[in-house]
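This report concerns only the one structure given below.
Computation of the quantities below employed the complete heavy-atom set of this structure, encompassing side-chain atoms and omitting hydrogens, waters and symmetry-equivalent molecules.
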Amino acid sequence: MVVLMRIDSLLRVYKRKSIRVLPLILSLILVLFVGSRTVAVPTKSTEILWDTYGVPHIYGKDDQSAFYAFGWAQMQSHGDLLLRLYGQARGHAAEYWGEEYLESDRWVQTAGVPERASTWYKAQSSTFRSYLDAFATGINAYAKENPKLIDDQVEVVLPVKAEDVMAHLHRVLNFTFVVNPESVLDLSKEKLQAGSNGWAIAPSHSANGNAMLLANPHLPWSDLFLWYEAQITAPGIDAYGATLVGIPVLAIAFNNNLGWTHTVNTYDGWDVYQLTLAGNGYQFDDKVLNFQTKTLSLKVKQKNGSLQEQPLIVKSSVHGPVVAEKNGKAVALRVAGLDRPGVLQEWWDMARSKNLAQFEKTLQRLQLPMFTVMYADREGHIMHLFNGQVPVRSKGDFEYWQGIIPGNTSKTLWTKIHPYQDLPRIVDPKSGWLQNTNDPPWTTTFPAAIKADNYPPYMAPRFMDFRSQRSVRMLAEDDKISFDQMVVYKHSTRMELADRILDDLIPATRKYGQDLGQKAANVLEAWDRQANADSRGAVLFAFWVQQMDLDKTFSKPWNENYPRTTPDGLANPESAVATLQAVAAEVEKTYGALDVPWGKVFRLRLGDMDLSANGGDGSLGIFRVLNSAPGENGQFQAVAGDSYVAAIEFSNPVRAMALTSYGNATQPGSPHISDQLQMLANKKLRTVWRDRSDILAHLEERKIF
């Protein structure tokens, strides 16, 4: 309209002036039209710009359009996986794909995931509901337009609804990360094999005087744990980061002002209660209460395609659903935060925040059930928050609540969650750095800034593992860390455990070892104490550690007064040497040499790629974590560990590098399955393209809606 008014004005001038000004007028008209089109295009359309690593850069004309495009993008990259995950979240996977999914359905339905997902969806604001609807619509639109690119087996899940998105979120966060079925069925609090490293470095500790952030989650390389890297730009948001496949917002992200990462924290948000059965119910506070009971029908697809129905009786006490029943006893599961449906909105608003005050105001909602938050920003602030929906418990320390809790009294039944101000937190410590490697919050920086004695003893345990000690060593021993050096540290494969124990193990082997023991000592002495592809001695040491009980190995146990230098010393040198000799014999027999290179035994395999690995298990005190599973011919294959990595410096402009180890797609035929694996093997990150000009310079595909 403004353009037309200006043209009209020019034409009126033209009538009064000489015809000699006509070329000038035409030139101005052309400039105005071209200029107006350049400005208007981004507001009229929504598009995905795919870069050459398969990262979608989403430009939404509004938030709803951005969610739609993100649903489309996730389908293009991970469609088969996404639909399979949503089918499981519905609790109908056995109906779709057979008996192997029956236990999954039992868990999801017993936990009440589908029913609660519907409640959670209705609890969203009408605006945010429209965003979730748009994400689901984008998924369905992609499937409708590209039916041949979707596996026939998973098409049964279509069409997807926003409630499916909520169910998937709920299953992932509350019933996989907070509590997983394996722990409940084993009635033990063995943690999920998921971890992370996170660093926040203040300007005072950085070489360039800018705050820096290192995001480095370690998750399994499959299933619901896969990361998806993306950029989302719409009015009020321009965030880059990653989320788990199927989640409609970024879970780890940064913008031009701030960024955050998560680590799996020592959070305990669930308990199992032992009930004493009586009559048709259970004893509670000297009364007999009846169970709430409902009967569900699970359908199981047979090999001939027919469906067989199985009843699922779900009993619930005041604690929660009964998950085991035997010999007159029953065990009920209680999970915190099931009445807090706002985590997606919280993550979305975290990514839209412009400063620490806005960011913390969002965090204070406490909708995210767990995970440490590690934060840094352009203004130079850094923060560590032990985030979690921590139950207010009546008594006991962390260890007490790891066991089975008496369920016959209201004294053990928690009903409230600690508010934000109760959670362990530190902003801008004197040290100038913060770190977390899945340890309790007490060791996030040194000198210690968060005192365990100031919190309830059940808040978090007290320990510091070797990976955390390695992390602290790198940060504390370098006064001014550059961005490039932070990336080097991120890839460190040095074993803190080797530095701690070899000064005892090698002399003991010289004293007690026989011929093979002496050879082993020679190998360990010559070894560089790293797990690089060409490191010789790392295999021997790692296999020795695997055969040792580390709780009994040391003469000096871990001491919180000396958290960075204990445990230490060999409790039983002769036994340790005997174990080393036995391991050495096995290594020599299997690989033909005691000093076999690490990369010959530990491999990176995806698709057609088979590369030498570097890095290893975090229990060895390695910062560069790769967890491996046994393969053929004595080799091991990486199945978890370094998954998404981002190194960010809040300079002007923001500098960032990243890597998604296994590639940014799983969909058959995609060129982005394993295309970043060689960089992983080479300890490299790739430059993050955030500016439109950089993205267009590395454009692989464009989709305009």
Side-chain angles (χ1 to χ4, degrees), residues 172 176-177 180 182-183 190-198 214-227 242 244-245 252 261-266 371 436-439 465-471 490-498 530-533 535 538-548 550 596-607 609-645 659-663 666 674 676-677 679-683:
V172 168
T176 301
F177 277 95
N180 62 80
E182 290 77 14
S183 295
E190 282 296 313
K191 291 295 181 186
L192 182 74
Q193 289 302 303
S196 337
N197 297 326
L214 177 65
N216 182 202
H218 309 143
L219 294 181
W221 288 8
S222 59
D223 199 50
L224 55 79
F225 301 102
L226 284 188
W227 290 101
L244 298 178
V245 171
I252 290 174
T261 188
H262 291 310
T263 60
V264 175
N265 52 351
T266 53
F371 306 125
N436 187 263
T437 68
N438 315 119
D439 276 15
D465 68 16
F466 286 110
R467 178 160 52 100
S468 183
Q469 291 180 25
R470 182 74 210 154
S471 174
K490 188 268 137 314
H491 292 111
S492 169
T493 69
R494 192 167 186 100
M495 295 189 191
E496 187 74 15
L497 177 52
Q530 300 183 68
N532 293 327
S535 293
V539 171
L540 177 63
F541 181 76
F543 286 9
W544 172 76
V545 171
Q546 200 171 41
Q547 295 303 314
M548 299 293 290
L550 290 184
V596 57
W598 182 264
K600 187 174 180 180
V601 177
F602 291 89
R603 310 296 296 173
L604 297 170
R605 291 192 179 117
L606 275 176
M609 302 191 79
D610 186 354
L611 307 171
S612 297
N614 59 79
D617 197 281
S619 63
L620 295 165
I622 300 176
F623 196 68
R624 165 55 174 280
V625 172
L626 278 182
N627 304 114
S628 299
E632 297 178 353
N633 303 318
Q635 291 185 321
F636 293 78
Q637 177 177 330
V639 294
D642 269 14
S643 40
Y644 172 70
V645 181
L659 194 77
T660 301
S661 298
Y662 32 67
T666 55
S674 78
Q676 299 181 52
L677 199 67
M679 281 181 281
L680 178 75
N682 294 343
K683 295 185 173 182

So if I apply the side-chain contact (heavy atoms from CB on, under 4.5 Å) rule between [X] and each of [options], which one comes out positive?
X    : options                : result
D465 : N438, L550, T437, L497 : T437
N436 : T263, T266, N197, V264 : T263
L224 : L244, L219, T176       : T176

Show the nearest heavy-atom pair for residues [X] and [Y], with the distance to one decimal.
X    : Y    : result
F636 : S628 : CB-CB, 3.7 Å
F541 : L620 : CE2-CD2, 4.4 Å
W598 : M495 : CZ3-CE, 4.2 Å
A629 : V639 : CB-CG1, 3.9 Å
L626 : N614 : CD1-O, 3.0 Å
H491 : R624 : CD2-NH1, 3.0 Å

*For atom NZ of K600, decide whether the heavy atoms of other residues, nucleotides or ligands shown that lie under 6.0 angstrom number more than 12.*
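No.
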Separation of [Y] [atom2] from [X] [atom1] (nearest 0.5 Å):
X    : Y    : atom1 : atom2 : value
N682 : L677 : CG    : CG    : 9.5 Å
S535 : L540 : OG    : CG    : 13.0 Å
S619 : N627 : OG    : CG    : 8.5 Å
M609 : R603 : CE    : CZ    : 11.0 Å
D439 : S468 : CG    : OG    : 4.0 Å
H218 : R467 : NE2   : CZ    : 5.5 Å

_Quick check: do S196 and T261 have side-chain heavy atoms less than 4.5 Å from each other?_
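Answer no - side chains too far apart.
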Check: [Y] main-chain N/O paired with [X] side-chain donor or acceptor under 3.5 Å:
X    : Y    : answer
N180 : E182 : yes
Y644 : A215 : no
T493 : G615 : no
Q676 : T660 : yes

_Under the criterion side chain to side chain contact (heavy atoms under 4.5 Å, CB included), I'd like the reasoning laid out for N216 against D642: C-alpha separation, chi angles, the key distance, then a yes or no._
CA-CA 7 Å; N216 182 202; D642 269 14; 3.1 Å; yes
_Just to verify, what does S222 make a side chain to side chain donor-acceptor pair (under 3.5 Å) with, not counting sequence neighbours?_
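Side chain to side chain donor-acceptor pair (under 3.5 Å) check on S222 returns nothing, list empty.
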